[in-house]
Every structure is written in C-alpha cells, then in structure tokens.
Amino acid sequence: MKMRKLGHQGLVVSELGLGCMGMSEFYGNSDEQEALATIHHALDLGVNFLDTADMYGPFTNEQLVGRAIQDRRDQVVLATKFGNVRTADGGWLGISGRPEYVRQACDASLQRLGVDIIDLYYQHRVDPNVPIEETIGAMAELVQQGKVRYLGMSEAAPATIRRAVAVHPITALQTEYSLWSRDPEDEILSTLRELGIGFVAYSPLGRGFLSGAIKSPDDLAPDDYRRNSPRFQGENFYKNLQLVEQVKAIAAEKGVTPSQLALAWLLAQGEDIVPIPGTKRRTYLEENVAATEITLTPEDLRRIEEAAPKGIAAGERYPEQHMSAVNQ
C-alpha cells in the first residue's frame, strides 16, 4: 500500500482509507463480527486510515472502531468528527460548533474510542451560528492539550476554510467527491492546494451506486437512508443508472470492476487526494484495495470524462433539508 501526505503538518496515511460509518448505521443491517474482521483485514492489507464520527450509530461506531484497534493502535491513523449533535436514541438536535461543545465532544470520543489521542479531528459540519474562528480556536486548544494531533474540516466553503487557517493549520478537508459528485473541482480543490491542505474524498463510490450492484431502488433495505436521497429516487435513479452502465462498459474493457475504475479515477486526480470508501464486508474491502494497483492511461481518463462529465448526476446529493449544511 502506497502512502500519501495530507497537508503540510506531517500527516501521512495509506492512499486509500476505510470509511466505517455503514458498519453501524444508515446502510441497512450490520454484522458486528464481520465489521471487526473487516477493520482487522484492512490493517493487514496496509489500510491504516480509519474514518468514523460520534454521530454514527449514534456513538456506537466509535465504540466499534475502538474495540477493533485496541491492540493495534500503533498501526492506525484514527479520524473522527464532531458537530452533528444527536441523542442516544438517534434523534437529531442540530449542528454545534460552540467551543464548550467541541471540548465535551472530544472527551466523549476519546472515551468511546478508548484512546489517549485522536490523529485527525474534523468539524463534521460548519455551524452557521458560531464564528468559525471560535470553533477552530477550541479545536486548536485540543492540539495544545495533546488530545488531538491534526485538525480537519468537512463540507466547508472556500471562504470558511481561509478564515479557519488564519487561526490554526488545517490538515485535511473531507467532502464528497466521486464521478457523480464533482463539485470540489469548482473552487475547493484549488483553494486547498493553494493553502497546502489535503483532500479526503468520502462517498467515492457514490454511496455504492457506482459499484453497479444497485439496479433498482428495491435493492435497498427498507431502513436504508439512501432511499431518501434524491439521486436514488424516481426518474433520477434511472438516469443515474445510465451513467453507471457507461462506467461498467469502460471497466469491463480494462478487466476491472466499476468500483475499481471509480476509485482509480479519484486516485488519479492528485497525490493530495485520499478516498475513504466505506464497506462493512471483507470481500468489498479487497476489491477496493485492488484499485490502488490500476493505472489509467490518458485515453482511459478521456473516455471516463466523456462518460461522466461534471454535473451529469441527476438530483441533489442530499435531501433538501440537509443541503443547507454543506459547503458552508
């Protein structure tokens, strides 16, 4: 497994990470033993960058990851997030970037993860009611106290990022980026490169859609949150399926899977980009890791660009009520 630098502060991670969210919530049923085995197998394969958040579960995903790494902490670059406030029964309380909440959330995450320090601590969503300087200031105190090594942000707008780095160095920005979510190419990537900030791409497989395994909305479990996503609904679903068919055709010619092609494309967009495909099964993990061995030629990239130009996806990436929280 090759390594990549995130930011200019010294953080080095595997070029492919592992998103752990779906092991606990959102994507239908979960199997804790298989999830633990998947994390262990990821570490065995050289994937050392694990991504979780306090809101996943809620709270139980951090506990799961903590159990998985308790005897392998030195092999892990551990990333978690705060800011989306939930109750233990799954209720939503909103977004908070208040300094006192930042401190409380970090202490709670450290306890659930069973670790002394978090390697990369993200603000999950920007709180529009709290100046970013106050939130980042509180996060910087966590670094000074030795509770956090590096700071990150998620779904933040360029102007917000610039204000944040004036307070403390930001090592990474995590935002959705894939063949069907190419918004970061507008301003985000150029801003990050100017400021020396790494990019962590979540949902690099379009929430599983780009894998080609989802052929009908009925393939999703009744409680799968993707059923609420505009891109998985009605006419949008079948328009997006046409995109997947084109990706599948190119992948077949190269002798790889659609998922592998989509990940190889992302890896080719820059050495400062680290995708974190989520999976809860070892088989998909192995498939994703194999994508790091694929080399795309200029002709391959041209054909992929033709098949999946920017803006081709039908529908917003989140339901309307959640779109207001992104790119803040």
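For clarity, every value in this text was computed on a predicted model and none was experimentally measured.
Counting only N and O atoms by type, the side chains of D219 and S216 include no donor and acceptor under 3.5 Å apart. Between the side chains of R72 and Q75, at least one donor-acceptor pair of N or O atoms lies under 3.5 Å. Counting only N and O atoms by type, the side chains of Y122 and E155 include no donor and acceptor under 3.5 Å apart. Between E62 and S109, the side chains place a donor N or O and an acceptor N or O closer than 3.5 Å (distance only, hydrogens not considered). Side-chain contact annotation: Q328 with D127, donor-acceptor N/O pair under 3.5 Å absent. With 3.5 Å as the limit, one finds a donor-acceptor pair spanning the side chains of E287 and T257.
In terms of modelled atom types and a separation under 3.5 Å, the side chain of R162 and the main chain of L195 share no donor-acceptor contact.
In this structure the side chain of L296 reaches within 4.5 angstrom of the side chain of I304, judged on heavy atoms. The shortest distance between side-chain heavy atoms of I136 and I170 falls below 4.5 Å. The shortest distance between side-chain heavy atoms of R231 and R207 does not fall below 4.5 Å. H8 places none of its side-chain heavy atoms less than 4.5 Å from the side chain of I197. Contact of the E32 side chain with the L64 side chain is registered, since non-hydrogen atoms from C-beta on lie closer than 4.5 Å. You'll find the side chain of W92 reaches within 4.5 Å of the side chain of M55, heavy atoms only. At least one side-chain heavy atom of F59 sits less than 4.5 Å from a side-chain heavy atom of R112. Put simply, the side chain of T191 does not reach to within 4.5 Å of the side chain of I188, judged on heavy atoms.
Put simply, CD on Q174 and CZ on F199 are 8.5 Å apart, with the number rounded to the nearest 0.5 Å.
Within 6.0 Å of atom CD in E187, 12 or fewer heavy atoms from other residues, nucleotides or ligands are found, so the atom counts as exposed in its surroundings.
Under the 30°/60° scheme for interplanar angles, the aromatic rings of W180 and F232 are found to stand perpendicular. Ring geometry for H124 against Y56 counts as perpendicular: the plane angle is over 60°, on a 0 to 90° scale with 30° as the lower cut.
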